[in-house]
Protein chains: 2
Amino acid sequence: MIRLLLAEDQRMMMGALALLLGLEDDMEVVAQVPAGDEIVAAALETRPDVALLDIELPGRSGLDAAADLRDQLPSCKVLIVTTFGRPGYLRRAMEAGASGFLVKDGPVEDLAAAIRRVLAGERVIDPGLAAAALSAGPNPLTPRERDVLTAAVDGATVADIAAKLHLSQATVRNYLSAAIGKTGTRNRIEAVRAARRNGWL
Amino acid sequence: MIRLLLAEDQRMMMGALALLLGLEDDMEVVAQVPAGDEIVAAALETRPDVALLDIELPGRSGLDAAADLRDQLPSCKVLIVTTFGRPGYLRRAMEAGASGFLVKDGPVEDLAAAIRRVLAGERVIDPGLAAAALSAGPNPLTPRERDVLTAAVDGATVADIAAKLHLSQATVRNYLSAAIGKTGTRNRIEAVRAARRNGWL
DNA sequence: CCCGGCCCGTGACATTTGTCAGCGCGCTTC
DNA sequence: GAAGCGCGCTGACAAATGTCACGGGCCGGG
């Protein structure tokens with residue numbers, strides 16, 4: 001029996017997948033968690049063979065959780081299953097030790113197949129996405145630029161960002177300007193969107 | 001047999017739901033469409049009793065499709081199933097003649113139950129959401145303000161928006177300012193976010 | 001050791017953005 | 001027909017934003 005852990009915040013999706021995978025003869029869903037910060041605890045308790053993780057989860061990112069799992073339960077393979085096929089996500093998933101990366105756009109049938117392949121030691125990666133990840137190149141943003149950009153997503157003003165990050169306003173503007181330059185965009189909004197699209201966030 | 005149509009752009013979700021609902025004795029999935037502009041054609045061909053529609057679909061919004069269905073195939077009940085429980089969405093769904101409104105956050109079990117209730121003539125609405133929709137009040141934005149705001153989502157400058165909508169830059173700024181005022185926010189980014197959150201977009 | 005990169009800051013500058021007061025036009029509603 | 005509202009426009013103003021050149025400190029690699 002292949003023991004599975006599911007992490008996914010859309011409960012309907014998680015429930016559907018759990019039922020579906022449970023129908024496979026050789027699979028068994030041993031844990032379902034709706035938040036990123038519950039993954040490790042659930043995994044340590046239930047000892048799954050494969051963990052299916054969404055990326056955008058409340059509490060803790062699925063990518064971070066993947067890294068945690070690699071450290072604390074290396075026997076457990078990680079398969080990232082996400083809505084957004086962003087190049088930077090794939091890259092980070094690989095760095096976090098994930099064994100596979102699927103987008104939810106694909107057919108359900110792929111899922112069980114991917115699980116078996118991952119368990120056999122293979123790496124399963126969406127082929128189109130792999131190309132995009134390679135052509136996109138690595139993240140050009142420095143850590144600080146990322147911080148400032150992420151702080152700017154919800155419409156915060158320069159003053160807000162400066163206060164949140166304990167920086168001078170002028171410094172914030174400089175970082176913002178640098179990020180805008182590196183993303184080849186015209187203002188912070190476009191910069192944020194471009195960075196997100198690439199998974200640089 | 002209850003004949004079902006599914007419209008959903010995340011194929012994995014759609015596939016999982018189709019399989020799952022197909023397991024119910026009295027249900028049968030007769031159509032699966034991944035785009036909003038294919039819904040009506042598929043419905044006319046397959047004559048479903050209930051259509052499960054996502055809102056954010058490529059091609060045409062599920063809400064618009066719901067209105068189309070009411071006109072062209074009134075025998076078909078519409079159940080909106082969406083990720084985002086935005087008050088304005090619920091309101092618009094009701095105006096488009098939908099019989100039910102579920103969020104994907106809920107458990108899968110609810111789904112089959114909701115389908116049966118909708119078919120029995122009941123209205124199925126997430127209770128928490130109904131309260132939010134009532135307390136949020138109707139959309140305060142004028143059509144033009146909406147246009148300008150939606151044109152601003154991807155970081156377009158005032159000049160871009162003016163060009164796209166064939167308006168003077170000053171006019172665009174005025175609409176933007178009005179929208180900012182009505183949403184009680186501080187700049188266009190916050191205004192866009194607030195409007196989206198409420199489903200005023 | 002020196003170079004380069006990242007970090008954090010300054011000051012000055014042009015541009016963009018948001019606000020306000022007003023104008024005329026057309027429509028609906030009372 | 002007057003009042004109210006949405007539409008589109010103008011002009012002017014303050015504030016926020018983006019750009020540039022520049023400084024210093026800290027670190028790691030050649």
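Naming: A, B, ... by sequence-line order, numbering from 1 per chain.
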- Query: Can you check side-chain contact (heavy atoms from CB on, under 4.5 Å) on B/Y89 and B/E56, steps first, answer last?
  - Reply: CA-CA 11 Å; B/Y89 278 179; B/E56 292 172 12; 2.8 Å; yes

- Task: Tell me, with the steps shown, if B/V172 and B/L165 meet side-chain contact (heavy atoms from CB on, under 4.5 Å).
- Result: CA-CA 9 Å; B/V172 170; B/L165 300 183; 5.7 Å; no

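Put simply, CD on B/Q169 is 16 Å from C1' on D/dA12, counting in whole angstrom units. We find that CD of A/E145 is positioned 14 Å from P of D/dG18, with the value rounded to whole Å. If you measure from atom CZ of A/R144 to atom P of D/dC26, you get 17 Å, rounded to the nearest angstrom. The CD1 atom of B/I189 sits 10 Å away from the C1' atom of D/dT17 (whole-angstrom rounding). Atom C1' of nucleotide D/dT17 and atom OH of A/Y175 are separated by 18 Å, given to the nearest angstrom. Protein atom CG of B/D160 is 14 Å distant from nucleotide atom C1' of C/dT17, rounded to whole Å. At whole-Å resolution of the value, CZ in B/R188 and C1' in D/dT17 are 11 Å apart. Spacing between atom CZ of B/R146 and atom P of D/dG6 amounts to 12 Å, rounded to whole angstrom units.
Evaluation of atom-type donor-acceptor distances gives a pair under 3.5 Å for the side chain of A/R173 against the base of D/dG18. Interface remark: the B/N187 side chain does not form any donor-acceptor pair with the D/dT17 base, using a distance-only criterion of under 3.5 Å. One N or O donor and one acceptor, one from the side chain of A/N174 and one from the base of C/dG9, sit under 3.5 Å apart.
Rounding to the nearest 0.5 Å gives a distance of 5.0 Å between CZ of A/R193 and CG of B/D154.
Sorted by first and then second residue, the salt bridge (Lys or Arg N to Asp or Glu O under 4.0 Å) pairs with a member in residues 103-116 of chain A read A/E8-A/K104, A/E24-A/R116, A/D26-A/R116, A/D54-A/K104; sequence neighbours excluded.
Contact annotation: B/S177 does not reach the phosphate of C/dT17 (side-chain N/O to OP1 or OP2, under 4.0 Å). A close approach under 4.0 Å does not occur between any side-chain nitrogen or oxygen of B/T171 and OP1 or OP2 of D/dT10. Residue B/R186 has no polar side-chain atom (N or O) positioned under 4.0 Å from OP1 or OP2 of C/dG18.
Within the helix from C/dC1-D/dG30 to C/dC30-D/dG1, the inter-axis angle between the opening and closing five-pair segments is 30°, rounded to 10°.
In summary, of the residues considered (A/L4, A/V50, A/L20, A/D49), a side-chain contact (heavy atoms from CB on, under 4.5 Å) with A/M27 occurs for A/L4 alone.
Heavy atoms only, all atoms of each residue included: B/V108 and A/A16 are closest at CG2-N, 3.7 Å.
Here the side chain of A/R91 pairs a donor or acceptor atom with the backbone of A/A133 at under 3.5 angstrom. Looking at B/N139, its side chain never comes within 3.5 Å of a backbone N or O of B/G88 through a donor-acceptor pair. Checking side-chain atoms of B/R173 against main-chain N and O of B/V158 turns up no donor-acceptor pair under 3.5 Å.
In this structure, of C/dC7, D/dG18, C/dG18, it is C/dG18 that holds the atom nearest to the side chain of B/I180. Closest to the B/P143 side chain, of the nucleotides D/dG6, C/dT10, C/dT17, is D/dG6.
Nucleotides of DNA chain D nearest to A/V158 and B/K182 differ in position, and the one nearer the 5' end is that of B/K182.
In this structure, a donor-acceptor pair under 3.5 Å is absent between the side chains of B/N174 and B/S177.
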List, with names and distances, any nitrogen or oxygen atoms from the protein found under 3.5 Å away from nitrogen or oxygen atoms belonging to nucleotides 26-30 of chain C.
none

